[in-house]
Amino acid sequence: MLMLWWLAGAALFVALAALWTARRTARRLDALTHSYWELRYEFTRLRGAIGGTGIAGEASDGPVRTAPAAQAAPPEASFVSLASLKGSSGQTGEAGRPGEAGKAGKAGE
């Protein structure tokens, strides 16, 4: 019976040591995260203050360039319904394409 108490005491000691280690690690992680975000904020602020210079303090040729896709205006309509292609009359030509009805008649002339 005494052996079980020793085992329970040892387990409690190991659990408390693990809890202490986990809390200490959590505090260190919190401090590192805080330092990271402070440095990131400071870096961004300083980069904006020096006007977008290049690597190693070399002045760039102009403003900071962005990707061409970011500069392009978004398309006005990315989806075109089939009904709008058929037109208001709903007539299609021989090939089943809008506007082919008038061209098919002229081709035979």
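Positions are given from 1 along the sequence. Side chains included, hydrogens not; waters and symmetry mates left out as well; all remaining heavy atoms used. What you see is a predicted model, and the numbers here were worked out from it, not measured in a lab.
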TODO: Rounded to the nearest 0.5 Å, what's the gap from CG on Leu7 to CG on Leu12? Could you check?
DONE: 11.5 Å
Open item on the list: Using side-chain heavy atoms (C-beta onward) and a distance below 4.5 Å, is Thr33 in contact with Trp37?
Closed with: yes
Open item on the list: Rounded to the nearest 0.5 Å, what separates atom CZ in Arg24 from atom CG in Leu29?
Closed with: 13.5 Å
Open item on the list: Using 0.5 Å steps for rounding, measure from the CG atom of Leu46 to the CD atom of Glu42.
Closed with: 5.0 Å
Task: Distance (rounded to the nearest 0.5 Å) between Asp30 CG and Thr25 OG1 - done: 12.5 Å
Open item on the list: My understanding is that only one of His34, Arg40, Glu38 makes a side-chain contact (heavy atoms from CB on, under 4.5 Å) with Tyr36; could you say which?
Closed with: Arg40
